[in-house]
Amino acid sequence: MTPETLQLVLPNGATRDVAAGTPARDVVASIGPGLLKAAIAVAVDGEVQDLMTPIRKGGAFVVLKSSDPRSLAILRHSGAHILATAVRRLRPDAKIGFGPAIDDGFYYDFEVETPFTPDDLAAFEAEMAKVAAEKFPFVRAEISHGEGEKVFADDPLKLERLAELGPGEVISTYTDGPFTDLCRGPHVPDTSYLQHFKLLSTAGAYWRGDEKRQMLQRIYATAFWKKDELDAHIHQMEEARRRDHRVVGKQLDLFMFHQFAPGAAFWTERGTTLVNTLHDYLRELHRDGYAEIKTPLLYNKGLWEISGHWGKYRENMFLVLDNETKEHDFSLKPMNCPSHYLMYSARKHSYRELPLRYNTYDVLHRNEVSGALSGLTRVRQFQQDDCHIFLMDSQIADEVKRLTGFIIGYYTTFGLTATLKFATRPETRIGTDEMWDRAEGALKAALEATGLPYELKAGDGAFYGPKIDFDVTDSIGRHWQLGTIQLDYAAPERFDLTYAGDDNTAHRPVVIHRAVSGSFERFIAILIEHFAGAFPVWLSPEQVRVLPIASDFAANAAEVTAKMRAAGIRAVMDNGNDTLNYRIREAEKMKVPYMAVIGKREAEAGTLAVRERGQGKKQDIIAVDDFIARVRDEIRTRALPKPAE
RNA sequence: GCCACAGUAGCUCAGUGGUAGAGCACUCGAUUCGUAAUCGAGCGGUCGUCGGUUCAAUCCCGACCUGUGGCUCCA
């Protein structure tokens, strides 16, 4: 039987007819030997495959060089194989798991008797360099199930994967020198393509992410085509470390943790100022149309039985022993919603009151598993800017539009940009299709009214209603899911919430759950990292540090400080015995936005020599009153800092 | 919760089977200074907790506590 002929279309429009099953390499070589040298892989009809793989279909034929972003994942996946090659040489007992490329590197999972040490990691890295230097070609083979069972007889994890592959699937292996892996590919042509890589860390990882399966040893690594790209990546990791809110929080004396209260922050005076300033801002934003309320922290389990948390969420709740019943009949609230429903249903409501917006900043507790805790971003005690809105179906569109604008406006104040995610009806859900049509339609209309780009996450909604999530990007490009707008048709049923309509009969309201910051703790962590601790003036715990050059000017400086404070500016005088240089250094380290220096000239003229944070020696001689007006203006407008360093 | 790593002065960290050190901070003294560290002296630690091994443990072993990285990215 003659092989089928496939037509490939090159980017310049030329065509090639090749026999099905021809390795891609041969086609590339026929175009030009120079091109073959630069080629990493090819894309046929948009599908990436490597040079070793036979061509099985026709279509657009594009040669991928290292400059093509798609080739990086190939390099990294090959890096994973090279890592496994090195590990197998040094630890022949290691059973291999999976080794994929990931967003910024790759990993490989191994099952070993004794876990890897940092010394092992260094040895593996050195061995990888050797494997690369040996320039082993990646050899692709297509095999049967039976052959695979022989090749991987000693690798139970691979056998498990092999057994899952159906009869119709091509089973392929890749061999580089001594190491053969069950692998779909694609790969670079040979091991020498891996030049710029680094092993980063080891970690335990459950086989297939399943906590019931065995724990494997994962090695994380990264690789790039060019040395300067690898260096830049390492630099980026260091930059993230420099901005780490746990480090900065200590340096700026904002918060602390203690082993007696794991997962709960202690806020210092400065940190509390920051928290309160955010609260004040939110309260200001909520002045119009929101009812701030406070509800208890501790509840009888009866409430959680109604809400459903007692059954599903109890493991994550802090239970409290009742001395009379000797039972854990009480729990700290892990969320505000049920308590807001209690408050709503405590009296009758008219349709004229709706939308009724309950807003709170109460403290919540969730008993996160110990391994999940991390700085301020994953805590057990936190505050949400939590809002529950009770409204009629017909009000959803307007309300969502209002909320979206509110949330985006809030982020904009901090220079954070958001992308929106629209999550629609999941497979298992309550309510009628008409109800979902209405709800999704209203959310969609509101989304489009913002003019912002959004991503559709079909089927990702809650079982009780669709939602919009706000995904925020910070100044170093990291993403955080913060705000949310969720429609809820289930809670009003469970809690039997009603309002009297204009027909004087009881109707069911809809509930919208809305959070802007998520939790304050996490939001502050994000702000710290976003600003690298150099907060805008309005947020800075200390806004101005007044520095008399010598104690002769202390009286004058104290007067100026008092005047600033009277004007609502958080000003502190530093009249230590230290030199001016020393005190400037201290103020810079604490990221105080303004340093106001007073010497003989300033004292006589009623001026200040103002130094701005991060701007070096440059000084601005300005009258005290003018400076006060300027700072007050910056606070009032919540001006963002000058472009970050 | 599970795996690895870590826990030494307020902070950052060094160190050793024979009960500990540096810099900064802090206190005191001197210095009164013009834009990122003035000089000197001093104070300060049950080496995370409990247990074991040992003549002897901060160091070796075990448990616990707390923290850090990770436990979804498919052969």
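Below, read A as the first sequence line, B as the second, and so on, with proteins coming before strands; counting in each chain starts at 1.
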Distance-only donor-acceptor test, Glu602(A) side-chain atoms vs G34(B) base atoms, 3.5 Å | yes

Sorted by position of nearest nucleotide on RNA chain B, 5' first, the leading residue of Glu211(A) and Lys589(A) is Glu211(A)

Nearest-nucleotide pick for Met215(A), side chain only, options being C74(B), G67(B), C2(B) = C2(B)

Out of Val170(A), Ile171(A), Thr173(A), which one pairs with Glu142(A) under the side chain to side chain contact (heavy atoms under 4.5 Å, CB included) rule?
-> Val170(A)

If you measure from the Lys or Arg side-chain nitrogens to the Asp or Glu carboxylate oxygens, is any gap between Arg601(A) and Glu604(A) under 4.0 Å?
-> no

Nearest to side-chain heavy atoms of Thr579(A), which nucleotide of U66(B), U38(B), A37(B) = U38(B)

In whole angstrom, give me the gap between the C1' atoms of U58(B) and U46(B).
-> 10 Å

Could you check whether Val170(A) gets within reach of a base, just the sugar-phosphate, or nothing at all, counting any heavy atom under 4.0 Å?
-> base

Would you classify Asp578(A) as touching base, sugar-phosphate or nothing, given that sugar-phosphate means primed atoms plus P, OP1 and OP2, and contacts are heavy atoms under 4.0 Å?
-> base

Could you please name the partner base of G21(B), counting Watson-Crick and G-U wobble pairs only when both distances are under 3.5 Å?
-> C13(B)

Let me know, please, whether Ala550(A) or Asn581(A) comes out on the 5' side of the other along RNA chain B by nearest nucleotide.
-> Ala550(A)

Short side-chain N/O contact to A75(B) OP1/OP2 from Arg184(A), under 4.0 Å = yes

Would you say a side-chain N or O of Tyr582(A) is under 4.0 Å from OP1 or OP2 of A25(B)?
-> yes

Residue Arg585(A), side-chain heavy atoms: nucleotide from C74(B), A36(B), C71(B) that is nearest = A36(B)

Any idea which of A37(B), U12(B), G70(B) is nearest the Ala203(A) side chain?
-> G70(B)

Gap in Å between the two C1' atoms, one belonging to C55(B) and one to G69(B), rounded | 41 Å

Could you measure between the two P atoms, the one in A30(B) and the one in U35(B), and give it in whole Å?
-> 26 Å

Counting only Watson-Crick or G-U wobble pairs whose two distances fall under 3.5 Å, which nucleotide matches A63(B)?
-> U49(B)

Report which part of the nucleic acid Leu216(A) touches: base, sugar-phosphate, or nothing (heavy-atom distance under 4.0 Å, all strands).
-> nothing

Are Asp469(A) and Lys467(A) close enough for a salt bridge, meaning some N to O gap below 4.0 Å?
-> yes

Considering only atom C1', compute the distance from G67(B) to G52(B) and round it to an integer number of Å.
-> 25 Å

Rounded distance in Å between the P positions of G7(B) and G15(B) | 11 Å

Quick one: do Arg378(A) and Glu368(A) make a salt bridge, cutoff under 4.0 Å?
-> yes

Paired with C43(B): which nucleotide, if any, by Watson-Crick or G-U wobble criteria at under 3.5 Å for both distances?
-> none

Looking at Trp207(A), Tyr206(A), Tyr107(A), Tyr108(A), which hits ring-ring contact (aromatic ring centres under 6.0 Å, His included) with Phe98(A)?
-> Trp207(A)

Gln259(A) side-chain proximity, nearest of A36(B), C65(B), C74(B) = C65(B)

Among Phe116(A), Tyr220(A), Phe197(A), ring-ring contact (aromatic ring centres under 6.0 Å, His included) partner for Phe124(A) | Phe116(A)

Give a yes/no on whether any side-chain N or O of Arg246(A) is located under 4.0 angstrom from OP1 or OP2 of U68(B).
-> yes

Between A6(B) and C59(B), how far is it from one C1' atom to the other, in whole Å?
-> 15 Å

Looking only at C3(B), G34(B), G1(B), the nucleotide nearest the Tyr206(A) side chain is G1(B)

Mark yes or no for a side-chain to base donor-acceptor pair under 3.5 Å between Arg611(A) and A36(B), with no hydrogen or angle criteria applied.
-> yes

Any strand: nucleotide that pairs with A36(B) via Watson-Crick or wobble, under 3.5 Å = none

Have a look at Gln217(A) and say if it touches a base, only the backbone sugar-phosphate, or nothing, with a 4.0 Å heavy-atom cut-off.
-> sugar-phosphate

Ser551(A) (side chain) and U32(B) (base): donor-acceptor pair under 3.5 Å | yes

Are any of Arg583(A)'s side-chain N or O atoms less than 4.0 Å away from OP1 or OP2 of A37(B)?
-> no

Please state the C1' separation for the pair U31(B) and G17(B) - nearest whole angstrom.
-> 48 Å

Base, sugar-phosphate alone, or nothing: which one does Lys250(A) contact when heavy atoms must sit under 4.0 Å apart?
-> sugar-phosphate

May I ask you to say what Gly209(A) touches in the nucleic acid, namely base, sugar-phosphate or nothing, with a heavy-atom cut-off under 4.0 Å?
-> sugar-phosphate

Salt bridge or not for Arg583(A) and Glu586(A), using N-O below 4.0 Å?
-> no

G69(B) OP1/OP2 closer than 4.0 Å to side-chain N/O of Ser201(A) = no

NA contact type, Gly375(A), heavy-atom cut-off 4.0 Å: base, sugar-phosphate, or nothing?
-> sugar-phosphate

Does the pair Asp109(A)/Arg218(A) count as a salt bridge with the N-to-O cut at 4.0 Å?
-> yes

Would you say a side-chain N or O of Ser374(A) is under 4.0 Å from OP1 or OP2 of G69(B)?
-> yes

Could you pull out all residues at least two apart from Glu529(A) that satisfy salt bridge (Lys or Arg N to Asp or Glu O under 4.0 Å)?
-> Arg478(A)

Distance below 4.0 Å between Tyr107(A) side-chain N/O and C73(B) OP1 or OP2 | yes

The side chain of Val597(A) lies closest to which of these nucleotides: G67(B), U35(B), G69(B)?
-> U35(B)

Selection from U66(B), G1(B), C73(B) that lies nearest to any side-chain heavy atom of Val369(A) = G1(B)

Would you mind telling me which of C33(B), A75(B), C71(B) lies closest to the side-chain atoms of Lys158(A)?
-> A75(B)

Before accepting this row, confirm whether a basic side-chain N of the pair Asp104(A)/Arg76(A) lies closer than 4.0 Å to the acidic partner's carboxylate O.
-> no

At under 4.0 Å between heavy atoms, what does Gly263(A) touch on the DNA or RNA strands: base, sugar-phosphate, or nothing?
-> sugar-phosphate

Could you please name the partner base of U54(B), counting Watson-Crick and G-U wobble pairs only when both distances are under 3.5 Å?
-> none

Reckon Phe257(A) touches a base, only the sugar-phosphate, or nothing at all at heavy-atom distances under 4.0 Å?
-> nothing

Indicate whether OP1 or OP2 belonging to A36(B) is found under 4.0 Å from a side-chain N or O atom of Lys617(A).
-> yes

Now, which nucleotide makes the Watson-Crick or G-U wobble pair with C73(B), with each of the two distances under 3.5 Å?
-> none

Provide the distance between the two P atoms, one in C61(B) and one in A4(B), to the nearest whole Å.
-> 14 Å

Give one of base, sugar-phosphate or nothing for Asn577(A), where a contact means two heavy atoms less than 4.0 Å apart.
-> base

Among the nucleotides U32(B), A75(B), G69(B), which one has an atom lying closest to any side-chain atom of His77(A)?
-> A75(B)

